[in-house]
Asker: 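First the structure, then my questions, so here it is.
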Amino acid sequence: MVAPAESAISGGSPPPILTRAMVATIVAACGALASFYLLLSVVPLYVADGAGAGAAGVVTGALMLSTVLAELAVPALLARFGYRAVFVFGLVLLGAPTMLLSVSADLPLVVGVCLLRGGGLGILMVVGTALAAELVPAERRGEGLGLYGAAVGVPAILGLPLGLWLSEHLGYTVVFAIATGLSLGALGATIGLPTTRPAPSGARGGVLGGLRTGGLARPAVTFAACTFAAGVIVTFLPLAVSDSELSLVTGALLVQSGATPAARWWAGRSGDRHGHARLFAPSIAATAIGTALLARPDEPVTVLVGAAVFGAGFGVAQNVTQSLMFERVHQREFGQVSALWNLAFDAGMGIGAVGFGAVITVAGYPTGFLATAALVLAGLVLVALDRRGS
């Protein structure tokens with residue numbers, strides 16, 4: 001088990017968050033997520049050019065499906081091989097297959113590459129989050145998770161809009177090459193990661209066994225509704241506008257991806273001082289309102305405001321749910337909690353992409369965005385139950 005930082009001496013400075021291992025974790029995770037976010041909206045657009053909007057949902061769904069399946073296996077892999085070896089394996093899976101996308105936009109090939117990349121992503125998300133939780137002192141865990149989340153959110157700020165811009169101006173092959181280099185280049189930072197093998201948690205039912213505990217299930221399921229909306233937005237907002245309005249979507253994704261990590265860091269810092277639970281309901285409400293505003297993709301101001309509100313709510317929801325789940329378990333169960341939280345993240349995104357693809361063929365984009373907002377807002381019921389049960 002990776003030992004948390006030493007507690008501060010009474011009356012002295014607070015214990016540090018940015019240790020050598022924490023910095024290495026952040027750098028390696030940023031490289032991986034830069035590769036991921038650069039292609040997150042590009043690959044659906046790439047395959048939709050020939051196979052239609054439904055195919056866009058399929059490739060995002062495949063990516064998230066393999067991500068979820070890999071996340072279920074990570075706690076066992078960590079106990080067997082240790083943090084560094086498992087992280088390296090994830091980077092290779094995420095980066096090595098990417099250039100195959102330049103061969104063809106045929107749906108079976110793209111789905112196959114997305115399945116491999118998704119497996120790598122799932123490994124990296126769980127290992128990175130577990131390390132971030134274990135490497136910081138308990139009394140600063142919310143802030144440490146917020147800082148980690150803000151740092152790994154930078155690739156989203158740059159990657160989502162940059163990927164669309166590069167594909168439009170330089171072509172898809174250039175984007176695929178850059179994404180490959182970012183992931184494999186991050187291997188250099190893994191030398192600073194601990195090689196420790198965490199002890200098995202002993203939790204019954206593995207990762208999904210955490211859903212038997214209300215204190216873990218309620219934040220996880222509520223957060224999954226938020227990530228459902230995120231999967232809808234990153235996959236279909238670029239398709240909901242005409243080609244001439246694609247620059248608006250690029251700007252909206254930039255606003256959203258900038259608001260999310262800033263809000264995530266603020267929520268962690270505020271939660272450590274005043275309690276994380278008080279931010280739970282406002283974060284869900286803001287996420288739902290932002291999603292609803294995107295139902296008018298033909299109105300630039302509304303789209304930009306919606307993206308900002310969604311990004312802020314989504315960022316706070318990330319930190320709140322994560323912090324609540326970690327503070328409710330023993331440290332030996334951090335791997336399980338990290339896997340469960342990331343499972344909620346990626347399952348929600350994948351289901352959102354596939355489910356929304358089916359909805360828009362019948363109801364259209366505006367109705368689809370409003371229905372998604374209603375789903376997120378329904379999470380307030382679980383928030384109320386969580387407050388009563390805590």
Side-chain angles (χ1 to χ4, degrees), residues 1-6 15-36 66-96 116-138 140-141 144-152 155 182-203 206-207 210 322-323 325-326 329-343 345-346:
M1 180 67 68
V2 178
E6 295 290 336
I17 291 176
L18 290 177
T19 60
R20 177 176 178 270
M22 184 65 165
V23 171
T25 301
I26 290 173
V27 171
C30 282
L33 290 173
S35 174
F36 167 68
S66 61
T67 299
V68 166
L69 294 177
E71 286 166 349
L72 294 172
V74 173
L77 289 174
L78 288 175
R80 183 177 179 87
F81 299 107
Y83 287 103
R84 185 189 297 170
V86 177
F87 204 100
V88 167
F89 179 55
L91 285 172
V92 172
L93 270 183
L94 182 67
L116 291 173
R117 283 175 52 81
L121 176 68
I123 290 170
L124 297 167
M125 296 290 279
V126 173
V127 178
T129 304
L131 276 173
E134 293 194 21
L135 291 171
V136 298
R140 301 188 71 187
R141 183 165 294 130
L145 289 170
L147 178 62
Y148 175 80
V152 299
L182 286 168
S183 181
L184 298 182
L187 289 169
T190 60
I191 193 67
L193 300 184
T195 58
T196 318
R197 300 178 185 180
S201 70
V207 173
Q322 200 173 63
S323 297
M325 291 171 71
F326 277 120
V329 299
H330 189 277
Q331 188 171 349
R332 67 173 176 269
E333 297 174 353
F334 278 7
Q336 181 199 28
V337 167
S338 175
L340 183 59
W341 185 86
N342 281 287
L343 182 68
F345 195 122
D346 300 317

Asker: For L147, what residues pass the side-chain contact (heavy atoms from CB on, under 4.5 Å) criterion, not counting sequence neighbours?
Answerer: I17, L18, W265
Asker: Report the distance from atom CZ of R197 to atom CG of L78, rounding to the nearest 0.5 Å.
Answerer: 11.0 Å
Asker: Looking at P16 and T19, what are the two nearest heavy atoms and their distance?
Answerer: O-CG2, 4.5 Å
Asker: Taking all atoms of both residues into account, what is the closest heavy-atom pair of V136 and R141, and its distance?
Answerer: CG2-CA, 3.8 Å
Asker: With sequence neighbours excluded, what pairs up with P75 under the side-chain contact (heavy atoms from CB on, under 4.5 Å) test?
Answerer: V207, A339
Asker: Considering only heavy atoms from C-beta outward, does the side chain of L193 approach that of T25 to under 4.5 Å?
Answerer: yes
Asker: Could you measure the distance from the CG atom of L77 to the CZ atom of F89? Nearest 0.5 Å is fine.
Answerer: 7.5 Å
Asker: Mind checking side-chain contact (heavy atoms from CB on, under 4.5 Å) for A70 and listing every partner two or more places apart, or none if nothing turns up?
Answerer: I123
Asker: Going from OG on S35 to CG on L184, what distance comes out if it is rounded to the nearest 0.5 angstrom?
Answerer: 8.0 Å
Asker: Output the distance between atom CE (M325) and atom CD (E333), rounded to the nearest 0.5 Å.
Answerer: 11.0 Å
Asker: If I compare all heavy atoms of G120 with all of L93, which pair ends up nearest, and what's the gap?
Answerer: CA-CB, 3.6 Å
Asker: Determine whether Y148 and Q322 satisfy the following criterion, side-chain hydrogen bond (donor to acceptor under 3.5 Å, both in side chains), listing intermediate values before the conclusion.
Answerer: CA-CA 12 Å; Y148 175 80; Q322 200 173 63; over 6 Å; no
Asker: Who pairs with R84 by side chain to side chain donor-acceptor pair (under 3.5 Å), at least two apart in sequence or on another chain?
Answerer: none
Asker: What heavy-atom pair brings A32 and L94 nearest, and what distance separates the two atoms?
Answerer: O-CD2, 3.3 Å
Asker: Using the rule given for side chain to side chain contact (heavy atoms under 4.5 Å, CB included), can you reason through T195 versus Y83, listing the C-alpha separation, both sets of side-chain angles and the distance that settles it, and then say yes or no?
Answerer: CA-CA 5 Å; T195 58; Y83 287 103; over 6 Å; no
Asker: What residues form a ring-ring contact (aromatic ring centres under 6.0 Å, His included) with F326, not counting sequence neighbours?
Answerer: F334
Asker: Just how far is it from atom CG of L72 to atom OG1 of T67, taken to the nearest 0.5 Å?
Answerer: 11.0 Å
Asker: On a heavy-atom basis, which atom in F87 and which in A28 lie closest, and how many Å separate them?
Answerer: CE2-CB, 3.5 Å
Asker: Holding to side-chain contact (heavy atoms from CB on, under 4.5 Å), I want the full list of residues that pass it with S323, two or more places apart in sequence or in another chain.
Answerer: L145, H276, N319
Asker: Between P194 and L131, is there a side-chain heavy-atom distance shorter than 4.5 Å?
Answerer: yes
Asker: Would a 4.5 Å heavy-atom cut-off, applied to side chains only, mark M125 and L33 as touching?
Answerer: yes
Asker: Identify the heavy atoms of A189 and V27 that sit nearest to each other, and give their distance.
Answerer: CB-CG1, 3.7 Å
